[in-house]
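Read the structure below first, then the notes.
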Amino acid sequence: MIVKIKKNAERANVEELLHHLESKGFDIHSSFGTTVEIYGVVGDTAAFDIRSLYAYSCVESVIRIQEPFKKVNRKIKSEDTIIDVKGVKIGGNNIVVMAGPCSVESYEQVDIIAKTVKESGATILRGGAFKPRTSPYAFQGMGVEGLQILRSVGDKYGLPIISELMDTEHIDDFVKYVDIIQIGARNMQNFALLKQLGKIKTPILLKRGFANTIEEWLMSAEYIMSGGNDNVILCERGIRTFEPYTRNTLDISTVPVIKKLSHLPIIIDPSHAAGKWDLVESLSLASVAAGADGLIIEVHHTPETAMSDGAQSLKPKKFKDLMVKARSIAIAVDKTI
Ligand code: PEP
Ligand code: MN
């Protein structure tokens, strides 16, 4: 529920109100504008008589939040969440670009790619070490060794790293080695995993499942936040539709919809949406124009021989060209890359 405080309310009365709500076991999020003071109150408020709060003279109004998602809801927190990953800001007026190979294949491979993406302006290095492959016979990733490679190359170039975690078993390795934990489309509703992620503080990039609604996606973010981890970044990566030309259909409308419903940052993965490298630039530029907080793009210096997703990986030169164009679009929407 949302509690709005009267202008010039007596401070002692506001304190009393907050103590009362805390004593009921609710979590309280404050939001101060220039003229308004609002408290978002989260918890099991179903059985709570919200009218009782009008007994406090400072209360102007109390309303219930209708949506099932509370902590991720913009009604609870009106200002954008900005997540700081070793000085790289995700959210607000920044557009963050994460780039790198689909899979970590060797130290040399990650080193070559990291160097070029950094030169072009990427500020976070991506690379999968545990791969959710459709076929059990396909390359499954280098595992912990892959995380170690990503970590040492990231440190060499001063790039924070992101990698995909697939199960609860490896959480400790990820907390140790990575700066952002990616939860892939296939695990968006792995609630046991999401609950564990609520117990850590490492930022989580939560991809939308390819057959999930926006509300289901926000509920998954709610699982992580309700467990105590506020550092959630949403990532749209395309959904499954009847259209076979692209690997998935990029749902660009998620950007304005998420901006309206939630305070969390949203970034776009045009690579997995397109499935084809020659579509990645257009989708990236459209995402920036739509107001996305960032992009995560697959880049490979020899995509022909990539262990996974070569068909959608950009060569370094194409990535560089994309970054130049994305910067001019960013200016048009008052953002910076
Ligand atoms: C990936 O990022 O390489 C990946 C497997 O992503 P998704 O979960 O979006 O398919
Ligand atoms: Mn991939």
Side-chain angles (χ1 to χ4, degrees), residues 96-105 109-110 113 117 122 124-136 138-143 146-147 149-150 160-167 170 174 178-190 193-194 197 203-212 214 216-217 220-221 224 232-241 246-252 254 258 266-277 279-280 283-284 287 292 294-315 319:
V96 64
V97 179
M98 311 179 183
C102 176
S103 295
V104 172
E105 299 167 14
Q109 172 238 17
V110 181
I113 299 169
V117 297
I124 293 183
L125 177 64
R126 70 147 284 155
F130 293 86
K131 298 304 301 177
R133 306 306 299 279
T134 303
S135 166
F139 176 58
Q140 302 287 308
M142 290 183 74
L147 296 181
I149 289 174
L150 204 60
I161 61 168
I162 174 168
S163 198
E164 177 171 354
L165 167 71
M166 294 207 297
D167 49 48
H170 291 99
F174 276 70
V178 316
D179 302 304
I180 305 175
I181 296 176
Q182 174 177 320
I183 296 303
R186 292 156 192 82
N187 264 319
M188 189 206 86
Q189 285 191 313
N190 181 340
L193 181 57
L194 300 179
L197 298 173
I204 309 297
L205 181 121
L206 180 66
K207 288 198 170 192
R208 179 183 182 185
F210 40 67
N212 286 109
I214 291 175
E216 286 165 346
W217 185 22
S220 290
I224 301 169
V232 180
I233 304 150
L234 299 167
C235 177
E236 162 68 38
R237 45 78 75 208
I239 51 175
R240 194 165 275 185
T241 68
T246 47
R247 183 175 179 183
N248 294 282
T249 297
L250 178 63
D251 183 4
I252 199 89
T254 53
I258 290 293
I266 170 162
I267 74 160
I268 300 281
D269 174 345
S271 308
H272 291 87
K276 296 174 179 169
W277 68 265
L279 303 179
V280 169
L283 299 185
S284 301
S287 305
L295 299 166
I296 180 164
I297 299 177
E298 287 185 340
V299 177
H300 202 292
H301 62 305
T302 54
E304 305 81 3
T305 60
M307 303 286 277
S308 59
D309 287 349
Q312 66 197 32
S313 299
L314 290 182
K315 287 190 178 170
F319 177 69

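Keep in mind it's a predicted model, so treat the numbers as computed, not measured. All values below were derived from every heavy atom in this structure, side-chain atoms included, with hydrogens, water molecules and symmetry-related copies excluded. We count ligands from 1, going down the list as the structure has it; atoms in each ligand are counted the same way.
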Lys207 vs Glu164, test: side-chain contact (heavy atoms from CB on, under 4.5 Å). Steps then yes/no. CA-CA 10 Å; Lys207 288 198 170 192; Glu164 177 171 354; over 6 Å; no

Would you find a donor on one side and an acceptor on the other, under 3.5 Å apart, between the side chain of Glu236 and the backbone of Gly238?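 Yes.
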
May I ask you to check whether over 12 heavy atoms, not counting those of Arg240, lie within 6.0 Å of atom CZ?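 No - once you tally the heavy atoms of other residues, nucleotides and ligands closer than 6.0 Å, there are 12 at most.
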
Within the protein, residues bringing a heavy atom under 4.0 Å of ligand 1, chain by chain: Cys102, Arg126, Lys131, Pro132, Glu164, Gln182, Gly184, Ala185, Arg186, Lys207, Arg237, His272, Glu298

Between Cys102 and Gln312, does the side-chain contact (heavy atoms from CB on, under 4.5 Å) criterion hold? Intermediate values first, please. CA-CA 9 Å; Cys102 176; Gln312 66 197 32; 5.6 Å; no

Out of Ile297, Ile180, Asp269, which residue meets the side chain to side chain contact (heavy atoms under 4.5 Å, CB included) rule with Met98?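 For Met98, the side chain to side chain contact (heavy atoms under 4.5 Å, CB included) check succeeds only for Ile180.
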
Whether the His300 and Asp309 side chains hold a donor-acceptor pair (N or O, under 3.5 Å, no angle test) is what I'd like checked. no

Is the closest basic N to carboxylate O distance between Glu216 and Arg208 below 4.0 Å?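 No, this pair does not count.
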
Show your working on side-chain contact (heavy atoms from CB on, under 4.5 Å) between Ser287 and Ile252 and close with a plain yes or no. CA-CA 7 Å; Ser287 305; Ile252 199 89; 3.8 Å; yes

Counting only protein N, O or S atoms (no waters) closer than 2.8 Å to the Mn ion (ligand 2) gives 4

Can you check whether Leu150 reaches Val178 side chain to side chain, under 4.5 Å on heavy atoms?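 Sidechains of Val178 and Leu150: no contact.
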
